[in-house]
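The structure appears below as structure tokens.
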Amino acid sequence: MSEAALEGYVRINREKGRFMVDKRAFYDQALFERERAYIFDRCWLYVAHESEVALPGSFLTRQVGSYSILFNKDRDGGIHAYHNLCTHRGVLLSTEKCGRGNTFSCPYHGWVFDAKGKLLDQGARSGYPPGFNEDGTYNLHPVPRLEQYGGFYFMNMNPRAVSLEKYLAGAKEWIDLIIDQNERGLEVTPGEQEFRVNFNWKSITENQIDSYHGPSLHSTYFQYAAKRAGDTPQQQAAAYAGGGFAFGNGHGGFELGIKVGKPVADWIPAFGEETRPLIETKKAEILAKWGEERGTRMTTRTRNLLIFPNTILNDVLSLSIRTSYPESATSSRSNIWSLVPVGEDPLVRKVRLQNHLTFVGPGGFAHPDDYEMFDRRAIADHQSPPFLHDYSKGMYPGYAEDFMVNVGDQSDEAQHRAWWTQWDRMLRGEETMEG
Amino acid sequence: MPELSLKDSVENFLFLEADLLDGWKLTEWEALLTDDAQYLIPPIGVQDGATLSAAETMFVIMDDRAQLAARLERLKSSKGFCEVPRSNLRRLVSNVRVLGKEGEELRVAANFCVFRIRRAEIVQYIGQYRYQLVAHGAAYKIRSKRVILDIDVLRGQGSISIIL
């Protein structure tokens with residue numbers, strides 16, 4: 001892709017207060033490879049949560065970006081991420097989604113590796129000189145960088161990338177708001193939601209930090225949510241107030257007061273009287289431990305955080321993690337995992353899962369409508385003249401703020417502008433996230 | 001006319017249900033439900049979808065009667081945008097078996113393929129139904145419908161925007 005062709009996807013006019021993105025960003029074929037090399041191979045990408053390999057000898061396989069990854073814990077508690085392929089002839093090593101085992105063997109010629117990636121056996125022994133693997137060439141290939149923050153493991157294909165902690169920048173504060181909700185830690189529940197769609201991954205990603213489409217597109221959900229929370233529509237609309245935030249490095253999100261029930265500590269009538277004392281006790285504990293201001297944010301405020309480019313943490317009617325990756329310029333794959341407090345009461349666990357499903361995921365009351373919109377956009381992309389998508393809400397003529405750390409009303413698009421600015425800089429190689 | 005066998009009467013009921021859902025007759029379909037009916041879709045890509053508990057595992061759908069009522073209301077409204085306009089639906093229901101009978105309640109299994117036709121694209125949902133049916137007059141009511149999907153990934157819009 002020529003450098004000249006990269007100009008003009010993101011068009012900023014501060015004088016007029018406009019921030020626009022060319023519709024080609026959602027379907028250009030050449031962007032697919034460019035995003036892979038300049039964004040996905042240079043950014044920290046979410047792999048898995050530590051709870052998914054809680055026991056020594058456990059492993060899972062997962063596609064991260066364009067790579068099949070084998071993520072495991074060895075007998076000594078070391079956590080690794082390898083490319084999921086046999087170093088002999090490049091056959092996919094594990095075809096299980098998850099399991100237990102201290103060795104990985106390739107059925108093709110019988111090569112066997114241990115959980116620390118060491119080649120143990122080449123099957124047929126003759127024909128290899130002693131010291132064949134002395135330099136470790138044939139051990140499993142680890143991903144260049146694997147780091148974690150609060151139990152969330154991320155990988156980076158660039159050995160020179162900044163540390164995960166530095167990369168996360170201001171987003172750490174919001175991750176902490178999630179982690180600190182439970183002293184005993186968090187774990188991923190069984191049951192993963194995965195789906196493939198015929199539109200660009202950025203449609204999914206940008207939607208997650210867009211709160212103000214809710215009252216329009218999701219009115220059927222919000223009517224139901226108000227009923228569940230015992231709110232009038234007026235109370236519900238007033239509680240929508242909140243902010244949109246950019247945290248540096250393209251990360252951003254929104255925080256709202258809308259009452260949809262948080263199983264951790266914000267009870268609503270739909271949760272049932274039997275869970276009320278459990279949830280209210282927990283709320284009192286959090287407020288006592290973290291103070292009124294932070295405690296209230298943790299218990300009753302809701303937020304969506306997008307870690308650039310594509311890891312989303314939803315701290316709304318449940319906790320969930322999701323990722324979306326391009327499979328081509330116009331098709332994507334997305335996964336959602338539900339995150340729950342370790343040791344949560346079974347009654348609360350049940351209402352948590354149910355609350356999650358009122359809104360989230362392929363069968364939720366909101367998701368199918370969002371995806372219908374993405375579909376309609378994909379259709380329009382091919383049926384419209386040259387066109388710019390608008391992300392100017394919250395700007396004004398002569399706008400001089402720094403897009404990367406901007407804040408605004410929840411219904412503004414400050415967080416989108418930060419994301420697109422980082423996308424544009426990385427795509428053009430102006431920003432590499434090294435250091 | 002000879003009396004219908006148990007299997008025939010169950011099959012007739014499931015075929016009627018299929019017709020109502022394909023025809024978007026959601027009010028009539030709702031009338032087939034008991035007051036405590038459940039509608040469940042376990043996660044996709046698992047082997048034990050028939051026995052998994054929605055209280056412990058993240059399902060795709062775990063509707064109690066109230067949530068199912070809200071789902072139907074949503075689908076009937078003009079604001080359920082995912083089905084505006086409504087997709088064409090057609091389902092094949094076969095291999096109907098009565099697995100057991102306890103008091104008034106029948107446990108029934110049936111295989112299905114549901115076709116959702118929209119904008120020149122056909123999405124297929126393939127799997128097995130597990131029902132708990134209770135006798136109601138000459139027919140039945142649905143106390144529980146569990147939709148176990150064999151497809152290992154959702155394609156198309158990545159949604160289940162219809163009643164399977």
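All chains are named by letter (A, B, ...) in the order of the sequence lines, taking the proteins before the strands, and each is independently numbered beginning at 1.
- For Tyr224(A), the part sitting under 4.5 Å from any heavy atom of chain B is the side chain, from C-beta outward, and nothing else.
- Remark: Lys227(A) NZ is loosely packed, at most 12 non-hydrogen atoms of other residues, nucleotides or ligands lying under 6.0 Å away.
- Proximity to chain B among residues 331-359 of chain A is limited to Ile336(A), Trp337(A), Ser338(A), Arg349(A), Lys350(A), Leu353(A), Gln354(A), His356(A), Leu357(A), Thr358(A), judged by heavy-atom separations below 4.5 angstrom.
- Rounded to the nearest 0.5 Å, atoms OG (Ser318(A)) and CE (Met58(B)) are 8.5 Å apart.
- If you measure heavy-atom distances from Asp152(B) to chain A, you find no contacts under 4.5 Å at all.
- Residues of residues 100-136 of chain B placed with any heavy atom under 4.5 Å of a heavy atom in chain A are listed by number as Arg118(B), Arg119(B), Glu121(B).
- Comparing Val360(A), Asp370(A), Val197(A) by heavy-atom pairs within less than 4.5 Å of chain B, the highest count is held by Val197(A).
- Note on Arg155(B), Arg74(B), Met62(B): by heavy-atom pairs under 4.5 Å with chain A, the leading option is Arg74(B).
- Ile41(B) does not touch chain A: none of its heavy atoms, backbone or side chain, sits under 4.5 Å away.
- Distance check, rounded to the nearest 0.5 Å: NZ of Lys79(B) to OG of Ser216(A) gives 7.0 Å.
- Using a 4.5 Å cut-off between heavy atoms, Val60(B) touches chain A through backbone and side chain atoms alike.
- For chain A, the nearby parts of Thr57(B) are the backbone and the side chain; heavy atoms of each come within less than 4.5 Å.
- Among the residues in residues 80-92 of chain B, those with a non-hydrogen atom closer than 4.5 angstrom to a non-hydrogen atom of chain A are Gly80(B), Phe81(B), Cys82(B), Val84(B).
- Within residues 6-21 of chain B, no residue has any heavy atom less than 4.5 Å from a heavy atom of chain A.
- Other residues, nucleotides and ligands place more than 12 heavy atoms under 6.0 Å from the CG atom of Asp36(B).
- Closest of all the heavy-atom pairs between Ser159(B) and His367(A) is OG-CD2, 3.4 Å.
- In terms of heavy atoms, Phe365(A) sits closest to Ala70(B) at CE2-CB, 3.7 Å.
- When atom types are taken as modelled, the side chain of Glu73(B) and the backbone of Thr220(A) share no donor-acceptor pair closer than 3.5 angstrom.
- Between chain A and the residues Ile44(B), Leu52(B), Asp64(B), Ile162(B), the most heavy-atom pairs under 4.5 angstrom are made by Asp64(B).
- Without hydrogens or angle criteria, Arg71(B) side chain to Gly364(A) main chain gives no donor-acceptor distance under 3.5 Å.
- When the candidates Thr189(A), Asp375(A), Ile379(A) are compared by the number of heavy-atom contacts under 4.5 Å with chain B, Asp375(A) comes out ahead.
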